[in-house]
Amino acid sequence: MSSSVMTYSTPQWLFGELNREYKFTIDLAADKSNHKCSDYFTESDDALSQDWHTSSNNGFCWLNPPYGRHLYVWMKKVAE
């Protein structure tokens, strides 16, 4: 698989199954056409520079990060 396409969307059935348990409040890496939560960060919002645990986000964060050579940056942020 090429890393030239980095915007694969999670299948809705899978998100739905997980969302029933975790009730995600924000999608950390999305766009207008593929966001899974009503609140979401787009590429222009630069999710990596945002605080993922703000008082306005009282819940679980959903993340299907962009694939490619910089995936490790997203995983580092998740670990933090």
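None of the values given here were measured: they were computed from a predicted structure. All heavy atoms count here, side chains included; hydrogens, waters and symmetry mates do not.
- Screening residues 15-24 for side chain to side chain donor-acceptor pair (under 3.5 Å) gives Glu17-Arg20 as the qualifying pairs, with residues at least two apart or on separate chains.
- A search for side chain to side chain donor-acceptor pair (under 3.5 Å) contacts involving Thr42 returns Ser44, Asp45, not counting sequence neighbours.
- Every residue meeting the side chain to side chain contact (heavy atoms under 4.5 Å, CB included) condition with Glu80, not counting sequence neighbours, appears here in chain and number order: Lys76, Lys77.
- Applying the ring-ring contact (aromatic ring centres under 6.0 Å, His included) test to Trp62 and every residue at least two apart in sequence or in another chain returns Phe15, Phe24.
- Taking all atoms of both residues into account, the shortest heavy-atom contact from Trp52 to Ala47 is NE1-O, 2.8 Å.
- Remark: Gln12 pairs with Lys36 by the side chain to side chain donor-acceptor pair (under 3.5 Å) rule, at least two apart or across chains.
- Using a 4.5 Å heavy-atom threshold, the side chains of Leu71 and Pro65 count as touching.
- Following chains of ILVMFWY side-chain contacts shorter than 4.5 Å, one cannot reach Tyr40 starting from Leu48, and the two form parts of different hydrophobic clusters.
- Minimum interatomic distance between Cys61 and Leu28 (heavy atoms only, all atoms of both residues): CB-CD1, 3.5 Å.
- Residues passing the salt bridge (Lys or Arg N to Asp or Glu O under 4.0 Å) test with Glu43, sequence neighbours excluded: none.
- Of all heavy-atom pairs between His35 and Lys32, the closest is CD2-O, 3.2 Å.
- Met75 contributes atom CE, which lies 5.5 Å from atom CG of Leu63 (distance to the nearest 0.5 angstrom).
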